[in-house]
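Everything below concerns the one structure shown next.
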2 protein chains.
Amino acid sequence: MKIDPNSSADLSAQIAAAIRDAIVSGQLIVDERLPSEAELSDQFSVSRPTVREALKRLAAQSLIRTQRGATGGAFVNRLNYPDAYAQHITTSTLLLSMNAVSFETACEARFAMERACAPLSAKRRTADHLATMRAEIHRQSQPGLTDEAFCASDVAFHRALVDGADNPVLSYQLAGAVEAMQPLMNMITFTARSRETILALHSRVADAIETQNATMADTALVELADYTLTLGRNVMQARLKLHT
Amino acid sequence: MKIDPNSSADLSAQIAAAIRDAIVSGQLIVDERLPSEAELSDQFSVSRPTVREALKRLAAQSLIRTQRGATGGAFVNRLNYPDAYAQHITTSTLLLSMNAVSFETACEARFAMERACAPLSAKRRTADHLATMRAEIHRQSQPGLTDEAFCASDVAFHRALVDGADNPVLSYQLAGAVEAMQPLMNMITFTARSRETILALHSRVADAIETQNATMADTALVELADYTLTLGRNVMQARLKLHT
DNA sequence: CAATTTTCATTTGTCAGACATTTAAAAGTC
DNA sequence: GACTTTTAAATGTCTGACAAATGAAAATTG
């Protein structure tokens, strides 16, 4: 692991990159202890604060964890699903909010991915997943529910649908995408009228998953996608009129 | 933005979290300048190195960028697609390599997502995307191609397929998933015989996309998924035998 | 001898202060 | 007015130090 002191990049960034490469390439394996900060500063010929900045960069990506004490140090972290989720969601949320991604684009991406796992979910869903879906549908039917709570329940419903596919990789990818869209979805204030329609479509999806009817699930999802898109367009148009 | 000095967590982690929340919630907008490191250390009542560690954490997630000089400082970064990609790929790659994700699971997730965007790609693909797909197919037909180069070309082919859907959000999500699988795919050393089959399937996919035949594209992708899965299982079985 | 307590060395976390480097704006010069 | 020089502000880096945590070894005790 070498760095170039004459490079324009920060030393801490270079050191972080060198260690990151060592982890990704497998030179450093899970739970292996990195040299102490003092040893690293010797190896790279930099000061300890610089090494520490590099280590914090890696910690921010959940690549390492640190422990104090005699046998402490920095250890290569086993990246787990919850940590990976959290990062995926943060990144996706910011990507959407900072790049003027249209509601159409995000919506299309979301439902395309959801449709992709519906057939698997129909095949493998457990009683637990079904129960969660039904419970969320029931929650969504409560009249006093705030818009925020409705959206959160919507996310939970779709999360259960995705998890039903029993593929953690798919869940990881999709849950992030769905959750990242929540701020965009919150923009669409669901009136009592539109909630009714969405609720009916959710029920159809749940029915299809329960009876393991992949085609019916797909049809319901397509209708839900179309309806959500229409809703979004109407809201946008209404806002546009307000400003003219 | 407040922190708790009595918390067990690192001060730099708390400060990073506070600033991250301010960014995600929109209190700090894109390109806005954060207070200088000296001002931040005053505000949070910590030393400058601690503040710097917090800022490096945020920089590692591409949430801020720093600039030296008189008008320099830390600025809220507009997260762009390339940066988001890079992070997504790093995270996904490590998640797969560190969690004993089976080839089956990863493969299923990948092709499920790819099938999701094939219909969109069939509808919207441009001449550019088609040309890229054809070029990669041609490259894959070269006899002298190394396994690594073949896999890289495979990734490029599928990347073009995904990009054809003309949905940057979908591209961002899927390209990361496909690329993260490359190490797993590399494990399967493609013999000349299997390359031939894959090549034929790639051609069918390209033909389908060119003629905008979504059904045909889906069929070819399903066959490709099945074939890849079979290949993977055979390789695994062969390895198992070697160890008994 | 076994169990417990104490000591101690190691390592990360934090701080203070200093200097180097970069950068743009302000001041000076022709 | 255009160019050069100075200057101030900010990040990047270094040195040295102390605090706090922690496990292992040493000392103590029954």
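Being a predicted model, the structure only gives us computed values, none of them experimental. Lettering follows sequence order; numbering is per chain, from 1. Quick note: numbers below take in every heavy atom, side chains included, and nothing from hydrogens, waters or symmetry partners.
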Taking atom CG of B/Leu161 and atom NE2 of B/His129, what is their separation to the nearest 0.5 Å?
-> 10.0 Å
Can you tell me if the side-chain N/O atoms of A/Arg52 get under 4.0 Å from OP1 or OP2 in C/dG13?
-> yes
Spacing of A/Leu11 atom CG relative to D/dT15 atom P, expressed in whole Å | 12 Å
Nearest-angstrom distance from the residue atom CG of B/Leu55 to C1' of D/dT13 = 15 Å
Which part of the nucleic acid, if any, lies within reach of B/Arg65 when heavy atoms closer than 4.0 Å are counted: base, sugar-phosphate only, or nothing?
-> nothing
Nearest-nucleotide comparison on DNA chain D, the residue closer to the 5′ end among B/Ala70 and A/Thr50 = B/Ala70
Between B/Arg110 and B/His158, is any side-chain donor less than 3.5 angstrom from a side-chain acceptor?
-> yes
If you find the nucleotide of DNA chain D closest to B/Pro49 and the one closest to B/Ala38, which residue's nucleotide is nearer the 5' end?
-> B/Ala38
Could you check how far CZ of B/Phe75 sits from C1' of C/dA24, rounded to whole Å?
-> 12 Å
Side-chain touch A/Glu104/A/Glu108, heavy atoms, less than 4.5 angstrom = no
Look at B/Thr66 and D/dA10 and indicate whether a side-chain polar atom (N or O) is within less than 4.0 Å of OP1 or OP2.
-> no
Answer yes or no: does a side-chain N or O of A/Thr71 lie under 4.0 Å from OP1 or OP2 of D/dG23?
-> no
Answer yes or no: side-chain N or O of B/Arg48 and base N or O of D/dG12 forming a donor-acceptor pair under 3.5 Å.
-> yes
Figure out the NZ/C1' separation between A/Lys56 and C/dG13, and round it to whole Å.
-> 8 Å
Judged by atom type as modelled, is there a donor-acceptor pair below 3.5 Å linking the side chain of B/Asn167 to the main-chain atoms of B/Leu170?
-> yes
Among A/Lys56, A/Arg57, A/Arg52, which residue meets the side chain to side chain donor-acceptor pair (under 3.5 Å) test with B/Glu53?
-> A/Arg52
Using whole Å, report how far CG of A/Leu58 lies from C1' of C/dT12.
-> 16 Å
Taking CD from B/Glu53 and P from D/dT11, how many angstroms apart are they, rounded to a whole number?
-> 16 Å
Consider the side chain of A/Ser36, meaning its heavy atoms from C-beta on, and name the nucleotide among C/dT12, D/dT13, C/dT14 that approaches it most closely.
-> C/dT12
Pair of N/O donor and acceptor under 3.5 Å linking C/dT21 base with B/Arg68 side chain = yes
Separation of D/dC14 atom C1' from A/Asp10 atom CG, nearest Å, is 15 Å
Atom CD of A/Glu37 and atom P of D/dG16 are separated, to the nearest Å, by 17 Å
